[in-house]
Amino acid sequence: MKLIFATNNKHKVREIASLLDDSYTVLGLNDVDIFEDIREDGETLEDNALHKARYVFERTGMNVFADDTGLEVDELNGAPGVHSARFAGENKDPDANITKLLGLLAGKSNRKARFRTVIALIFNKKEYLFEGTVKGEIIDVRRGTEGFGYDPVFLADGYEQTFAEIPLSEKNRISHRARATRKLLNFLSTHHQSQ
Ligand code: IMP
């Protein structure tokens, strides 16, 4: 069965394909001739993920899933959340985003935060949402060079190293994205037999 992952990132497509059994063929947006940027200006991660999945479903009629991720900081009432990529401006500069975040949290004692990934799946015309979160805190200086985005200032609960210091294999085991993806894979592996 063909399944579209609403992304242009070939690595993400390959990664999911390697985790699914052979009954699925995973396609990226370019494989189905969708080259435009699908807008991501919803108010929630759920809005954005669903919008992307619906857009592709309307264009192709095929089973599709889409994801969206944000960093939710308690002291900032959940910000940057759905605006995580563009927190400090349209050019999506991760370093500027961290600088802005640390500025807003300067002197604050509540540093609690979590990463949250939402995956929207349209499967046999029905919609499903899967969520994965990882809780932690924002430290006040950058540490580490691995990873991306807010990783240098995010310390997951129970860890003394930031997401930019722990090995990628470990991050990929415990991350928000890993948790949401496992739920999706679980759904897909239990549903394809009944098709
Ligand atoms: P996306 O929905 O995967 O594109 O993620 C949106 C934004 O959230 C990214 O541009 C990053 O700023 C942030 N983000 C998502 N996942 C991670 C992560 O694993 N570590 C650090 N930042 C992340």
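All ligand and atom numbering here is 1-based and tracks the order in the structure. For the single chain, residues carry numbers from 1 onward in sequence order. Being a predicted model, the structure only gives us computed values, none of them experimental.
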Query raised in the report: Under 4.0 Å from ligand 1, counting heavy atoms only, is it the side chain of K92, its backbone, both or neither?
Result: neither
Query - Among K135, R116, K112, the one residue meeting side-chain hydrogen bond (donor to acceptor under 3.5 Å, both in side chains) with E72 - result: R116
Query raised in the report: Taking NZ, NE, NH1 and NH2 as the nitrogens, is one of them in K12 or D67 under 4.0 Å from a carboxylate oxygen of the other?
Result: yes
Query - ligand 1 atoms in contact with G149 (distance to a heavy atom under 4.0 Å) - result: 21 (C), 22 (N)
Query raised in the report: For Y150 and ligand 1, does the shortest N/O to N/O distance drop below 3.5 Å?
Result: yes
Query raised in the report: Quick one: are T117 and T181 in side-chain contact, heavy atoms under 4.5 Å?
Result: no
Report task. Mind checking whether F115 contacts ligand 1 via backbone (N, CA, C, O), side chain (CB onward), both or neither, at a 4.0 Å heavy-atom cut-off? Result -> side chain
Requested in this report: Give the residue, atom name and distance (to 0.1 Å) of the protein heavy atom nearest atom 14 (N) of ligand 1.
Outcome: F148 CE1, 4.0 Å
Query raised in the report: Would a 4.5 Å heavy-atom cut-off, applied to side chains only, mark E146 and D151 as touching?
Result: no
Requested in this report: Could you tell me if any non-hydrogen atom of E40 lies under 4.0 Å from any atom of ligand 1?
Outcome: no
Query raised in the report: Can you find a non-hydrogen atom of F163 under 4.0 Å from ligand 1?
Result: no
Report task. Starting from Y150, walk the hydrophobic network (Ile, Leu, Val, Met, Phe, Trp, Tyr; side-chain heavy atoms closer than 4.5 Å) and list everyone else you reach, by chain and number. Result -> L71, V73, L76, F87, I98, L101, L102, L104, L105, F115, V134, I138, I139, V153, F154, L155, Y159, F163, I166, I174
Report task. Would you check the N or O atoms of D68, main chain and side chain alike, for any that come under 3.5 Å of an N or O of ligand 1? Result -> yes
**Report entry** Closest approach of any protein heavy atom to atom 10 (O) of ligand 1, naming residue and atom
**Finding:** A85 CB, 3.3 Å
Query raised in the report: Of all the non-hydrogen atoms in the protein, which one sits nearest to atom 20 (N) of ligand 1, and at what distance?
Result: D151 OD1, 2.6 Å
Query raised in the report: With atoms numbered from 1 as shown, which atoms in ligand 1 lie under 4.0 angstrom from a non-hydrogen atom of S84?
Result: 7 (C), 8 (O), 12 (O)
Query raised in the report: For ligand 1, is K171 a contact, meaning one of its heavy atoms is under 4.0 Å away?
Result: yes
Query - Nearest-contact summary for atom 16 (N) of ligand 1 - protein heavy atom, Å - result: R177 NH1, 3.2 Å
Report task. Provide, to 0.1 Å, the distance between atom 15 (C) of ligand 1 and the closest protein heavy atom, together with that atom's residue and name. Result -> T69 CG2, 3.3 Å
Report task. Work out whether the distance between some heavy atom of L71 and some atom of ligand 1 is less than 4.0 Å. Result -> no
Query raised in the report: What orientation do Y55 and H51 show, parallel under 30°, tilted 30 to 60°, or perpendicular over 60°?
Result: tilted
**Report entry** side chain to side chain donor-acceptor pair (under 3.5 Å) partners for R177, two or more places apart
**Finding:** none
